[in-house]
Structures are given as C-alpha cells and as structure tokens.
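Convention: sequence-line order gives letters A, B, ...; per-chain numbering from 1. FYI, side chains are in, hydrogens and waters are out, and symmetry mates aren't considered; it's all heavy atoms of this structure.
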Amino acid sequence: MPLIETHELTKRYPGVTALDALSVAVEPGIVGLVGANGAGKSTLLKILLGLLEPTGGSAEVLGMDTRHEGTRIRAAVGYMPEHDCLPPDLTATDFVAHMGRMSGLPAAAARERTADVLRHVGLYEERYRQIGTYSTGMKQRVKLAQALAHDPRVLFLDEPTNGLDPAGREEMLELVRRTGTEFGITVIVSSHLLGEIERVCDFLVAIDAGRLLRAAPLASFTQLTNVLLVEVEEGSDELVAALVAAGLTAHVDGHLVLVAVDASGSAGAAPYDAVRDAVAGMGLGLVRIEQRRHSLEDLFRDAVELPAGTAA
Amino acid sequence: MSEPASGGATGPGGAIYDIGYRGYEGPRLRRPQAIRTLVAHTVRGAYGIGRGGRSKVVPFGLLVLLLLPAIVSLGLSGLVGPAGQRFDPIRYESYYSITQTILFLFIAAQAPELVGPDQRNRVLPLYFSRPILRSDYAFAKLTALFIALLLFTLAPQALLLVGRVLQAPDITTGLADNLPDVLPILGSAIAISLLFAALGLTIAAFTPRRAYATAVIIGVFIASNAIGGILYAVLRGEARRWVALLSIDTILTGLTSFLFSTPTAEIPSPIVKQAGLPGAVYVVATLVVVAVMVGLLFRRYHTVEA
C-alpha cells in the first residue's frame with residue numbers, strides 16, 4: 001500500500017483551481033514535490049494534513065482518510081510550513097518542547113527529544129535564546145526541529161530552503177537528506193527549484209497548475225532520449241543535408257545537429273556510423289557526439305505534450 | 001565537497017560523538033493532553049511567565065492596582081478597628097463594581113496577547129497541524145483566559161477575606177462573619193471572568209493586530225456603559241428598566257448584587273436599582289452574551305486561514 005495516495009483530488013477557490021483532479025501514489029523515501037510557485041504544492045500538503053478540505057476527490061496518508069482521520073494523521077506527520085511561523089519571544093527549547101507536547105509527547109519525553117532534535121538540526125547554545133534574535137538560517141532549523149519533535153513517520157517540508165543563502169541551502173538540503181536516509185522518515189519536500197530538489201530526492205512528483213505532470217523515480221526523469229546530439233565546429237547545415245540524404249531524420253538546433261535514433265538499440269549503431277562517415281567525408285571538425293538525456297526542465301517545457309496522469 | 005576541517009589537525013585532541021538519531025517508542029497521548037498543554041501554556045502567557053520581563057509588567061502592575069483597595073481597606077480597619085468596616089465602601093459585594101475598569105484593562109491588555117501573536121507570527125498553522133481540532137484551540141484559549149482572569153479576580157477577595165478573619169477579635173467570629181460570603185464571591189468571580197473572557201477573547205481573535213484589539217475591547221466597554229447611561233437619562237417608564245441589561249457595568253453589578261443578595265438600597269448603581277429586575281435576569285443576560293461570543297469565537301477559528 002502506498003504511503004500517500006490521492007484520487008482525483010481537486011481544490012477550487014473562487015476563480016482559481018489550485019488542484020485539478022490530481023491522482024498520485026507515493027512510496028516511502030525522499031520525495032520531491034516540484035512545481036512553479038502557485039502550482040498547488042502547498043495546497044496539496046495542507047489537504048494531506050487535513051488542514052484544508054478538498055473540493056472533490058480524496059486523499060489518504062498512511063492509509064488514513066484526510067477528511068475523517070485528520071487528528072490521527074497529524075499525530076504521525078511533521079509539518080514545516082513555507083512561511084515564518086515562530087513566536088519571537090520564546091526560546092527555541094521552550095517552543096520545540098511545547099510543540100512536542102502538543103503532538104502528544106509526555107513532558108519529560110518532550111524535553112529529551114527537544115534536546116535531540118535541536119542538536120540534530122545544528123542548534124546548540126543559542127537554543128536558550130529567544131527566537132526573535134535568530135538569523136533566517138537558524139529559524140529554518142527551528143522550523144524543521146518542531147516538525148521532528150514527535151518523531152513523525154512522515155515529514156512534510158514546504159520549501160525548506162526558502163530565504164536561505166547558498167551555504168544555508170546546502171546545509172538544509174543535507175539535513176533533509178540525512179533525515180530521510182538515516183532516520184528512515186519519509187520526507188515529502190517541495191521546491192520550485194529543480195536543480196536543488198534533484199540532489200536529495202529519489203522520487204519526484206512534478207505538478208503544474210494543479211495537475212500532475214509526472215510521478216516517477218528520479219532516474220527515469222533523466223533517462224536517454226531518442227535524440228543523438230552532434231556538435232561540429234562549422235558546417236552544421238551541410239552535415240544535416242548529408243545525413244538526410246543518407247536516409248536519417250536530422251535538423252539543426254542552434255549550433256547543434258539533432259539526429260533521430262532508435263532507442264531500442266537493435267539498429268542503434270547505424271546512425272552513429274552515418275554521422276561518422278558524413279563528418280569524415282566532409283572533413284568537418286567533430287566536437288562531440290552523444291545520446292541526449294532528458295533534463296528536468298524538459299518536463300516543464302514540454303508539459304503540454306506529456307499525457308497527464310502518468311503516475312508510476 | 002570538502003568537509004570543514006573538523007578538529008583541526010590530526011591527534012586525539014577531542015572528539016564529537018554522533019550518537020545518531022533516536023526514535024521515540026514511548027506513549028503518545030491524545031487530544032485532552034494537548035488541550036491541557038495549550039491551556040497551561042496560555043495561562044502562563046497571560047501573566048508573561050516564560051516570556052521576557054517586559055511581558056510581566058502589565059499583568060502584575062494591574063494586579064497590584066486591583067489589590068490596592070483591599071490593602072487600603074485592611075489598613076484602615078487595622079487602624080480604626082473592626083468597627084470601621086461599617087463605613088468602609090470596600091466590601092466583597094462591591095469590589096468588582098469598584099474595580100471593573102481594572103478587570104477590563106486586564107482583558108484589553110492580555111486577551112490580544114493570547115491570540116494575536118499566533119495569528120501575527122503565523123504559529124496557528126503549526127497548532128492546527130498538531131493532533132487537535134480547530135475548535136480545541138479556541139476552547140483551550142478561552143479556558144486559559146477564563147482561568148487567568150479567575151485567579152486575577154479572586155486574588156483581592158482572598159486577601160480581603162484572610163485579612164478580615166485575622167483582624168476579627170477571635171478566629172471563630174471572624175470565620176462566622178466571613179465564610180458565608182465565600183460562595184457568592186466564587187460565584188460572582190466565575191460569572192464575571194466568564195463574561196469578560198468571552199467578550200475580550202472573541203474580539204481579540206478577529207485581528208492579529210494587538211493595538212486594534214485593545215482599542216476595540218476598551219471601546220466596547222466604554223460604549224456599552226455610555227449607551228446605558230444615555231438611554232437611562234432619556235428613556236422613561238418600562239423601557240428604562242431594561243437599560244440595565246445594556247451595559248457591562250450594570251450586568252456586572254446586577255449579577256453580583258443578586259449573588260450576594262444585596263438589599264436594593266445598597267446596590268451601587270442607580271440604573272440597576274431603579275430597574276428592580278429579578279436577579280436571574282442578569283444571570284440569563286450573562287449566559288446569552290457568553291453563548292453568542294463563544295459561537296462567534298468558534299466560527300472564527302473554523303474559518304481562519306491556516
């Protein structure tokens with residue numbers, strides 16, 4: 001059974017459809033939830049927490065229905081919102097312990113775990129200071145700590161690197177990776193930055209305008225395409241003409257020559273030979289020849305061409 | 001990807017042991033414990049306990065002001081002797097009528113402090129992502145303000161009671177004279193705390209801005225008493241009697257006079273005195289106001305964005 005499952009999940013606001021019949025299943029692991037700002041990432045997380053009522057469809061977390069078992073889901077889930085959410089006049093220790101108790105920990109256990117999670121996120125002596133005196137990076141760590149306080153089975157992190165400088169982003173991503181791999185907690189981490197999220201997650205859910213673009217293991221997003229990429233120093237147009245004459249499908253894209261290949265591999269060598277022969281025959285300077293990989297950006301650029309709902 | 005040179009050069013200078021992440025296998029308590037936690041946390045917050053020193057100035061300053069009449073009264077009867085109590089305006093039944101402005105200032109200052117910051121700092125989503133319901137949050141906040149205000153209102157009466165008993169010629173007469181007042185004191189303190197807490201917290205819950213909330217709470221207090229006073233002056237006949245249910249001051253006075261069975265001649269409010277309404281009417285009026293406020297409060301937290 002998947003850890004998280006949604007069926008035709010829809011959320012409409014007056015004039016805006018935040019989620020549009022989204023069906024997706026998520027297995028344990030570190031899961032990236034990626035999409036542009038306003039794609040519906042936060043809305044999805046809030047519905048999964050039972051904080052928002054969906055307009056239509058249904059969602060289950062750990063086998064529990066979000067509409068009717070919200071409190072049980074929230075006992076097992078930790079949530080780090082995208083926005084600031086900390087009281088400036090409390091110390092990190094007091095606040096995280098309070099939130100641990102709000103999640104059902106007895107007082108002594110809450111204090112003990114507070115010390116543990118604050119150390120885990122890298123807050124030491126400063127944890128006895130009021131949160132209002134913290135830097136953005138330290139506040140993000142407290143936000144993560146309060147989500148971890150009750151040892152949740154699942155962690156929802158909404159844009160955890162927001163507002164951080166490059167070094168801070170790096171550290172936060174490393175924390176996310178460690179939390180997911182070493183603690184065995186499933187982490188759903190949302191981001192609008194593809195390059196960032198692909199470094200930590202092993203499964204990716206891409207949404208755009210409230211609809212699912214694709215949900216698949218990260219590797220399959222970057223698999224080989226049926227395009228052979230040839231770069232020559234000059235004479236791209238002549239090369240294309242020669243390749244077309246040799247019976248291949250080819251065209252010029254900028255300073256590159258793109259050649260269609262058969263990905264199955266049985267006749268795979270033929271285009272390579274044709275390119276080699278053409279380049280050699282015309283005496284062109286060959287810079288590179290390689291089979292092109294999908295990039296994550298393709299996913300969004302080609303969104304309209306991809307069938308919606310290709311859930312794994 | 002170079003790690004920072006942890007520990008500097010090689011050598012057994014010291015070591016940081018990563019004991020790793022420890023899970024939690026112990027008991028997980030349910031909603032009632034979370035609600036109790038929030039109530040306790042909020043009551044402490046109402047007195048600025050666990051916050052900075054500046055948060056304590058207003059609640060404890062007002063507490064001193066509230067205790068002052070009791071202290072002065074006890075001091076006077078200490079000088080003049082118990083006979084002085086006959087002319088002393090400071091009595092159990094009149095204490096709240098005299099000090100209601102201080103009670104209201106406490107509410108105006110502290111109710112926004114209990115609910116405003118959670119909205120202003122957007123802590124609310126963190127509470128709502130805990131295993132509680134939105135209504136649990138509203139219930140816990142109201143209960144906390146009620147408890148905080150009950151402690152506040154009972155403090156001067158308790159001081160007065162202990163002082164009077166100790167100033168009596170002997171403890172037995174002291175207890176016999178003062179104990180019958182304990183139940184009315186408790187009853188009126190509970191009723192007033194509930195009324196003020198429901199009014200103040202509901203108003204405060206509608207804005208994250210502290211200054212607005214404080215201004216509106218004080219405004220409601222002043223306006224209701226002013227409207228009551230004006231209508232009392234303007235109206236004649238049967239309609240004028242019901243003016244007693246329009247202002248917070250007269251509801252409070254009617255309520256305490258009823259609970260202490262104060263003789264009509266001694267009621268410290270001409271509006272209540274002329275109305276001559278049965279005491280139960282003030283109880284009902286209090287309950288109606290509280291019910292409406294609690295309804296609005298729960299609706300607010302049902303719809304507030306998280």
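- Heavy atoms of other residues, nucleotides or ligands lying less than 6.0 angstrom from CZ of B:R299 number 12 at most.
- Here the closest heavy-atom approach between residue B:P131 and residue A:M102 is recorded as CD-O, 3.6 Å.
- For B:F139, the CZ atom counts as loosely surrounded, since its 6.0 Å shell holds 12 or fewer non-hydrogen atoms of other residues, nucleotides or ligands.
- Note on B:L126, B:L133, B:I35: by heavy-atom pairs under 4.5 Å with chain A, the leading option is B:L126.
- Remark: A:L105 CG to B:L29 CG distance equals 8.0 Å, nearest 0.5 Å.
- At a threshold of 4.5 Å between non-hydrogen side-chain atoms, the residues A:H98 and B:T37 count as touching.
- With chain A as partner, the option from B:Q33, B:R28, B:R122 having the largest number of non-hydrogen pairs under 4.5 angstrom is B:R122.
- Taking both residues in full, the closest heavy atoms of A:P88 and B:N121 are given as CD-ND2, 3.2 Å, listed atom of the first, atom of the second, then distance.
- Atom CZ of B:F298 has more than 12 heavy atoms from other residues, nucleotides or ligands within 6.0 Å.
- Residues B:V123 and A:Q146 are not in side-chain contact: their nearest non-hydrogen atoms beyond the backbone lie 4.5 Å or more apart.
- Contact annotation for B:P27: both backbone and side-chain heavy atoms come within less than 4.5 Å of a heavy atom of chain A.
- Neither the backbone nor the side chain of B:R120 comes within less than 4.5 Å of any heavy atom in chain A.
- Using a 4.5 Å cut-off between heavy atoms, A:F156 makes no contact with chain B at all.
- For A:R153, the CZ atom sits in a loose shell: 12 or fewer heavy atoms of surrounding residues, nucleotides or ligands are nearer than 6.0 Å.
- Within the 4.5 angstrom heavy-atom criterion, only side-chain atoms of B:R31, from C-beta onward, approach chain A.
- Of the inter-residue distances, the one linking A:C85 atom SG with B:D118 atom CG reads 11.0 Å to the nearest 0.5 angstrom.
- Proximity to chain B is limited to the side chain of A:K46, based on heavy atoms less than 4.5 angstrom apart.
- Between the side chains of B:S129 and A:R74, no donor-acceptor pair is found at a separation under 3.5 Å.
- Annotation for A:R129: atom CZ counts as buried by contact number, over 12 foreign heavy atoms lying within 6.0 Å.
- A:L90 touches chain B through its side chain: at least one heavy atom from C-beta onward sits under 4.5 Å away, while N, CA, C and O do not.
- Counting heavy-atom pairs under 4.5 Å between each of A:Q130, A:H83, A:E112 and chain B puts A:H83 at the top.
- Around OH of A:Y128, the count of heavy atoms belonging to other residues, nucleotides or ligands within 6.0 Å does not exceed 12.
- Proximity of B:Y24 to A:D116: side-chain heavy atoms (C-beta onward) are nowhere separated by under 4.5 Å.
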